[in-house]
Amino acid sequence: MRVITVPCLQDNYAYLIVADGSNRALVVDPSEADPVIAALTRNELTLGAILNTHHHWDHTGGNEALCQAFGELPVHGHASDAGRIPLLNVQHNHGDEFEELGLSFKALHVPGHTSGAVAYVCGDAVFTGDTLFAAGCGRLFEGTPAQMYESLNEKLGALPDATRVFCGHEYTAANLRFAAHLEPSNNDVRGKAERVAALRERGEPSVPSSIGDERRTNPFMRCDSAELRKHLAAELAADASPGDVLGAIRAEKDSFR
């Protein structure tokens, strides 16, 4: 399996997924059509399906133009996003397994950022949209802290450490600055920030990350960190649940500059 990263808009990523030996690709989260079509042309590929992780326009904005360019396509998303994802015609629920273009996928319902957020696991990779970012997570527009905690730590967090994480935006450097603010003694955060700075200086994406990296550097997957909890002590009750901790982290991140 090949994964081709396609920068879109200001800081979005779409991804082309291609089975070995195939010339047909799936695209994950095409926010706009033109960069996707250009990447397909460069790689001598044609488009065979669309996977949407959630309904926001910056992940679905290219659906209609791509279907006009390539004909009627399977458009995958969560069942609860019917009517919100343009041209959605393949609906999934948590744990659904399916095949598309010679590749096997598993859909994980990961609410928090939106109520219908879904991640797609394929081989040693997971496509997480705006639920799990490298060193961060999406804002809680339609879900609760408890839901996001479960999505990140119990669903995505159950994947093997080596699983590659392909997320929806290039937010990694800023997320790592916030992680260092919460856990200044975390050497893994410091080391990753240096590696990401070098990648970005060369104009390269900071993705993919890995589930193992996220366990070590992502504050939203480190709710049991003593240093992190100490930083948040004024906001947390003595019996704060992991979801309460995540909510406090998210509230601080929303105003962090």
[X] side chain to [Y] main-chain N or O, any donor-acceptor pair under 3.5 Å?
| X | Y | answer |
| --- | --- | --- |
| Ser22 | Val18 | no |
| Asp224 | Pro242 | no |
| Glu64 | Leu87 | no |
| Asp58 | Asn12 | no |
| Ser210 | Asp213 | yes |

Non-hydrogen atoms of [X] and [Y] that approach each other most closely:
| X | Y | result |
| --- | --- | --- |
| His92 | Asp96 | CA-OD2, 3.3 Å |
| Ala135 | Asn175 | O-CB, 3.3 Å |
| Leu103 | Cys122 | CB-SG, 4.1 Å |
| Ser31 | Cys8 | OG-CB, 3.0 Å |
| Tyr120 | Val118 | OH-CG1, 3.4 Å |
| Pro74 | Glu100 | CB-OE1, 3.5 Å |

_Stepwise side chain to side chain contact (heavy atoms under 4.5 Å, CB included) test for His169 and Gln10_ = CA-CA 9 Å; His169 289 269; Gln10 181 177 349; over 6 Å; no
_Listed partners of His181 passing side-chain contact (heavy atoms from CB on, under 4.5 Å), at least two apart_ = Phe178, His231, Glu252, Phe256
_Closer than 4.0 angstrom, basic N to acidic O: yes or no for Asp188 and Lys192?_
no
*Side-chain contact, heavy-atom cut-off 4.5 Å: Tyr13 with Pro7?*
yes
*Could you check if a side-chain atom of Ile17 sits within less than 4.5 angstrom of a side-chain atom of Met1, using non-hydrogen atoms only?*
yes
_Test of understanding: with side-chain hydrogen bond (donor to acceptor under 3.5 Å, both in side chains), list the residues that count as partners of Asn186, not counting sequence neighbours._
Glu183
*Given side-chain hydrogen bond (donor to acceptor under 3.5 Å, both in side chains), test Thr53 with Asp29 step by step and report yes or no.*
CA-CA 7 Å; Thr53 62; Asp29 284 353; 2.6 Å; yes
*Does the side chain to side chain contact (heavy atoms under 4.5 Å, CB included) test come out yes or no for Ile50 and Cys67, once each step is laid out?*
CA-CA 9 Å; Ile50 297 172; Cys67 287; 4.2 Å; yes
*Would you check, one step at a time, whether the test side-chain hydrogen bond (donor to acceptor under 3.5 Å, both in side chains) holds for Ser104 with Glu97?*
CA-CA 7 Å; Ser104 297; Glu97 296 182 359; over 6 Å; no
*On the 0 to 90° scale, with breaks at 30° and 60°, tag the Phe127-Phe166 ring pair as parallel, tilted or perpendicular.*
parallel
*Phe141 vs His56 aromatic rings, parallel, tilted or perpendicular, using cut-offs 30° and 60°?*
perpendicular
*Near-ring test Phe105/Phe98, centroid separation under 6.0 angstrom*: yes
*Sequence neighbours excluded - salt bridge (Lys or Arg N to Asp or Glu O under 4.0 Å) pairs with any residue from residues 65-91*: Asp81-Arg84, Arg84-Glu142
_Residue that, paired with Cys223, satisfies side chain to side chain contact (heavy atoms under 4.5 Å, CB included) out of Asp244, Val245, Leu152_ = Val245
*Within a reach of under 6.0 Å around CG of Asp124, are more than 12 heavy atoms found that belong to other residues, nucleotides or ligands?*
yes
_Would you say NZ of Lys106 has more than 12 non-hydrogen atoms from neighbouring residues, nucleotides or ligands within 6.0 angstrom?_
no
